[in-house]
2 protein chains.
Amino acid sequence: MSSMIDPANIIPKYFQLANILREKIENGEFPAQDAIPSERQLEEQYNLSRPTIRQAIDLLERQGYLYRVHGRGTFVSPPKLQKGMLELTSFSEDMRNRGLTPGGRILEFGYLKPSAKIAKQLGLNDKDAQVLRIKRLRTGNGEPIGLQDSYLALDNGQVITREEIEQKGSIYAILQQKFGIYPTEADETLEVTLATPEEAELMQIPVNSPLLLNERTLWSQDRKAIEFVSILYRGDRYKYFVRLTRKW
Amino acid sequence: MSSMIDPANIIPKYFQLANILREKIENGEFPAQDAIPSERQLEEQYNLSRPTIRQAIDLLERQGYLYRVHGRGTFVSPPKLQKGMLELTSFSEDMRNRGLTPGGRILEFGYLKPSAKIAKQLGLNDKDAQVLRIKRLRTGNGEPIGLQDSYLALDNGQVITREEIEQKGSIYAILQQKFGIYPTEADETLEVTLATPEEAELMQIPVNSPLLLNERTLWSQDRKAIEFVSILYRGDRYKYFVRLTRKW
DNA sequence: GATGTTAAGAGGTCTTTACCAGTTATTTTA
DNA sequence: TAAAATAACTGGTAAAGACCTCTTAACATC
């Protein structure tokens, strides 16, 4: 049975319990809006101390599966709110989430000295610092969706080749697999612009068509800026989606 | 001194400690990337138990002020990543964050039967359900910035008057103060549209000017949908900003 | 000098125990 | 009968102590 705590398991008990409870929520054993057993009941049921129980519930509360009401109990969040919490997604992931096959073509690839704006975004103080610039036309199901212009701050010795990108498609996948770099936090802005002749031709739309400009600065798990990227989306083909939370 | 724990204070000790540490981070006493005192040292320093110390550090870690490294210590996050974690903001807050004075004019105000789309967004099954519709022209420093069309799902007895809105300006402020409803989670979409003649006149821009359309469904802390709102922003005056995080 | 070992100190997990503070239903009282 | 007090829940905060794993640097060994 996976519905019991194994003291010999390397996985922490609070984590095991959280997994058990999450499963009961997901398979409907704990229906939405219903109270789960009280902390004292769980204490007896799983033979764990209350701090450990609370640690498990804390985790599920932060993940949006449960919410607590002082004096009343702990309740199951409705499914609307529980899954797919805010996530950073790459273009490839984004397209797949929308049921489209991601694709594209590399337009520019090479190292260069970053502009002042980009150096500032990436926190590069070294005057001789170089960044890897990759400009790509991105497609969904073969049709042009956006123009992506990416500037990567790589450490010495971290090399990405054009072939790797053409093969994997996603820069983020390469950063993870090759260098253990995980995108963890990002600042994004969105605004409206109009297509220049060059942009219009690449995306096969009329000049001055409205576009959605998405600029993003990305940080890794060790708090270093790793990428500044601008993506121009066709206004008629793309809708940006985000889930927000606010802590009180 | 606010740098000591007051056992008599109603504010929990772990929260008092978190405030003290946050202050030391913000005024530079704990510089970025430096380690803060170890949990055992803080234990002695503030005469608190380690679980309480850890609770305070947990809080600051979630808020992005600190990050922990097993075996090495707890470190101060660089300022880039520490402030203004992702937050839901009202139009009024948003404007003030940008250094502009929020204002506006109510164009429509009243109860009506919601359209199918809006009833679905708000999760209203009752056929007789009514929603409060408030359409407003929003301004920053007196200039038109956006057109906001809001649909509120209020319970029986929860009444908001036109005067309250004109006085307070922010619906969210009224929801909080009058009914104890706190916006906690939201789904947002952003896309490009073109100004209709009506919209153009209200915002004093040419017809077919590009606009940024922001649609949002909002939930409260007890997981009930409370508002569906669409905001049309002038493309030349507004840039959307969001901070994203991804958990691995 | 290079290498492997070890000990100190960091955060991570867990138990036991205690009391506080909201919520709700029951019981008591007017 | 209706209002008020109370008891029995709920989650929230806090302490003290134990033992674990991971990191680092000093030490011992080759």
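Naming: A, B, ... by sequence-line order, numbering from 1 per chain. Not measured: the values here are computed from a predicted model.
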So, the side chain of [X] versus the backbone of [Y]: is there a donor-acceptor pair under 3.5 Å, distance only?
| X | Y | value |
| --- | --- | --- |
| B/Glu26 | B/Glu23 | no |
| B/Glu44 | B/Gln41 | no |
| A/Glu39 | A/Ile53 | no |
| B/Glu215 | B/Leu190 | no |

Take atom [atom1] of [X] and atom [atom2] of [N], then tell me their distance rounded to the nearest Å.
| X | N | atom1 | atom2 | answer |
| --- | --- | --- | --- | --- |
| A/Arg72 | D/dG12 | CZ | P | 13 Å |
| B/Tyr46 | D/dA14 | OH | P | 16 Å |
| A/Tyr67 | D/dG12 | OH | C1' | 18 Å |

Give a yes or no on this: more than 12 heavy atoms of other residues, nucleotides or ligands lie within 6.0 Å of atom CG of B/Asn47.
->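 No - once you tally the heavy atoms of other residues, nucleotides and ligands closer than 6.0 Å, there are 12 at most.
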
Return no unless some side-chain N or O of B/Ser38 is found under 4.0 Å from OP1 or OP2 of C/dG9.
-> no

Do B/Lys135 and B/Ile106 come close enough that some side-chain heavy atom pair is under 4.5 Å?
->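 No - every pair of side-chain heavy atoms lies 4.5 Å or more apart.
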
Contact string for nucleotides 12-19 of chain C, one letter per nucleotide 5' to 3', B = base within protein heavy-atom range under 4.0 Å, S = sugar-phosphate only, - = neither, reads BBSBB-BB

